[in-house]
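For reference, the structure is listed below as structure tokens.
Numbers for residues simply follow the sequence, beginning at 1. Quantities reported herein were computed from a predicted structural model and do not represent experimental measurements.
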Amino acid sequence: QEWSLHSFDIGRPLGKGKFGRVYMVRTKTTPKYILALKTLYKSELVANKVEKQTRREIEIQQNLRHPHILRLYGFFHDEKRIFLMLEFAGKGELYKQLSKVGSFSEKRSARYIDQMADALIYLHGKHVIHRDIKPENLLLGINGELKIGDFGWSVHAPGLRRMTLCGTLDYLPPEMVEGKEHNEKVDYWALGVLTYEFMIGAPPFEDRGSVNNTYRRIARVDLKFPSTISAEAKDLISKLLQYDPRQRLPLTDVLRHPWIVKYRPKGNNAREGGSV
Ligand SMILES: COc1cccc(-c2nc(Nc3cc(C)[nH]n3)cc3ccccc23)c1
């Protein structure tokens with residue numbers, strides 16, 4: 001199947017991505033499929049020196065099949081742009097909902113982290129580390145299920161970050177802010193930061209006034225919890241936000257953690273194959 005812009009009826013623009021716009025589109029084939037078409041301007045990719053990273057993002061995401069990872073069905077290009085044919089997530093960007101309500105309940109946060117852990121186990125099983133887990137890269141499907149949407153920073157483990165850090169430091173683990181070699185355990189740390197931000201509405205080491213102070217707080221694991229957070233939630237976050245990557249709670253143990261199990265939708269706890 002040779003895809004081009006002529007293969008689609010272009011719907012409404014959904015919003016602006018980093019290097020171009022995202023449109024809701026429908027295939028002209030029957031049956032008709034609704035997709036999100038992400039446009040990337042080649043000139044922008046070259047200007048930002050991210051063409052290799054983009055090629056890697058496409059190659060990685062095309063081979064991934066998981067309910068909580070946004071599908072990349074294919075891509076095509078014209079002289080100016082690259083077009084990514086992405087799964088359409090009906091409820092849009094998770095961070096917009098987070099900023100609208102301020103923070104999520106422990107139940108909603110635990111269910112998202114359950115889904116994230118499941119997706120990360122799949123990713124790491126394919127020796128892919130995401131390296132850029134944060135609310136801005138997460139989308140919500142039509143049934144409110146979480147979808148990891150952006151693989152711009154993912155690499156095959158172990159990686160050494162060559163790009164200067166753009167955007168927030170808040171999610172980076174000590175080994176990355178110290179420029180050391182890192183492995184898939186950077187995603188364990190980011191999962192801890194994400195859990196904290198879902199429930200509190202801001203990341204744990206944020207210092208809006210000074211990037212250097214965020215650095216320091218990360219390197220010192222300067223972690224404080226508001227009294228409103230349950231002991232079980234604090235326990236999980238503290239086991240993920242460990243300075244030493246080897247001490248961080250393995251993802252399979254995240255799935256078994258009491259705080260996660262407590263909020264897992266009924267029927268999802270049935271033992272493998274156990275039917276009642
Ligand atoms: C950067 O892409 C942006 C930016 C702003 C909003 C949206 C957005 N996206 C989606 N779904 C998507 C997006 C992708 C790549 N797959 N599925 C749904 C929405 C619904 C309401 C408002 C906005 C929405 C995307």
Side-chain angles (χ1 to χ4, degrees), residues 18 68 93-117 119-120 129-140 146-154 161 163-180 182 184-245 247-249 251 254 257 259-260:
K18 257 178 303 209
H68 299 309
E93 296 181 288
L94 179 143
Y95 92 92
K96 275 193 188 149
Q97 302 224 1
L98 182 57
S99 39
K100 195 163 64 180
V101 300
S103 62
F104 294 144
S105 68
E106 295 215 358
K107 176 174 166 184
R108 183 171 180 183
S109 304
R111 288 188 173 180
Y112 286 152
I113 297 305
D114 194 13
Q115 296 170 56
M116 279 302 290
L120 289 175
I129 37 181
H130 189 278
R131 291 203 317 175
D132 198 13
I133 291 160
K134 56 188 178 189
E136 292 78 355
N137 289 341
L138 303 177
L139 290 163
L140 292 169
L146 187 139
K147 302 262 179 187
I148 301 179
D150 190 310
F151 281 77
W153 280 88
S154 54
R161 171 185 40 76
M163 291 280 298
T164 51
L165 295 170
C166 49
T168 171
L169 288 183
D170 285 312
Y171 276 76
L172 294 177
E175 61 271 24
M176 279 185 89
V177 300
E178 290 158 2
K180 291 178 188 161
H182 56 273
E184 74 282 347
K185 293 191 176 46
V186 302
D187 288 342
Y188 294 24
W189 174 278
L191 190 64
V193 176
L194 191 69
T195 312
Y196 187 102
E197 180 164 3
F198 280 166
M199 286 190 292
I200 285 112
F205 309 110
E206 182 179 61
D207 180 324
R208 305 174 77 89
S210 135
V211 165
N212 281 335
N213 201 33
T214 302
Y215 255 78
R216 262 191 296 276
R217 296 196 59 203
I218 290 171
R220 287 188 192 137
V221 192
D222 171 21
L223 181 60
K224 298 185 194 77
F225 293 103
S227 56
T228 50
I229 302 302
S230 72
E232 285 163 332
K234 279 192 267 196
D235 180 72
L236 176 58
I237 293 170
S238 308
K239 285 175 177 166
L240 290 168
L241 297 182
Q242 290 287 316
Y243 179 87
D244 179 353
Q247 300 296 321
R248 291 171 198 160
L249 192 67
L251 295 170
V254 172
H257 191 279
W259 186 68
I260 296 290

Measure the [atom1]-[atom2] distance between [X] and [Y] for me, rounded to the nearest 0.5 Å.
{"X": "Leu191", "Y": "Leu241", "atom1": "CG", "atom2": "CG", "value": "9.0 Å"}
{"X": "Lys147", "Y": "Leu140", "atom1": "NZ", "atom2": "CG", "value": "10.0 Å"}
{"X": "Lys185", "Y": "Glu175", "atom1": "NZ", "atom2": "CD", "value": "10.0 Å"}
{"X": "Leu138", "Y": "Ile148", "atom1": "CG", "atom2": "CD1", "value": "6.5 Å"}
{"X": "Ile237", "Y": "Ile229", "atom1": "CD1", "atom2": "CD1", "value": "6.5 Å"}
{"X": "Leu172", "Y": "Thr214", "atom1": "CG", "atom2": "OG1", "value": "10.5 Å"}

Quick one: does [X]'s side chain have a donor or acceptor within less than 3.5 Å of a partner on [Y]'s backbone?
{"X": "Asp132", "Y": "Asn137", "result": "no"}
{"X": "Arg217", "Y": "Asp207", "result": "no"}
{"X": "Arg216", "Y": "Val211", "result": "no"}
{"X": "His68", "Y": "Leu146", "result": "yes"}
{"X": "Gln97", "Y": "Glu93", "result": "no"}
{"X": "Glu197", "Y": "Pro135", "result": "no"}

Is there a side-chain contact between [X] and [Y] in this structure, where contact means two heavy atoms from C-beta onward sitting under 4.5 Å apart?
{"X": "Ile218", "Y": "Pro173", "result": "no"}
{"X": "Leu240", "Y": "Tyr196", "result": "no"}
{"X": "His182", "Y": "Arg131", "result": "yes"}
{"X": "Leu120", "Y": "Ile133", "result": "yes"}
{"X": "Asp235", "Y": "Trp259", "result": "no"}
{"X": "Tyr188", "Y": "Gln242", "result": "no"}

Measure across [X] and [Y] and return the closest heavy-atom pair with its distance rounded to 0.1 Å.
{"X": "Asp170", "Y": "Val193", "value": "O-CG1, 3.7 Å"}
{"X": "Glu232", "Y": "His257", "value": "O-CE1, 3.3 Å"}
{"X": "Gly201", "Y": "Ser103", "value": "N-CB, 3.9 Å"}
{"X": "Val254", "Y": "Ala117", "value": "CG1-CB, 4.0 Å"}

For this session: Using the salt bridge (Lys or Arg N to Asp or Glu O under 4.0 Å) rule, take Lys134 and Glu136 through it: C-alpha gap first, then chi angles, then the decisive distance, then the call.
Result: CA-CA 5 Å; Lys134 56 188 178 189; Glu136 292 78 355; 5.3 Å; no
For this session: Run the numbers on Tyr112 and Leu98 for side chain to side chain contact (heavy atoms under 4.5 Å, CB included), then give the verdict.
Result: CA-CA 12 Å; Tyr112 286 152; Leu98 182 57; over 6 Å; no
For this session: Can you label the angle between the Trp189 ring and the Phe205 ring as parallel, tilted or perpendicular, going by 30° and 60°?
Result: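 Rings of Trp189 and Phe205: parallel, under 30°.
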For this session: Let me see the working for Thr195 and Met116 under side chain to side chain contact (heavy atoms under 4.5 Å, CB included), right down to the final yes or no.
Result: CA-CA 10 Å; Thr195 312; Met116 279 302 290; over 6 Å; no
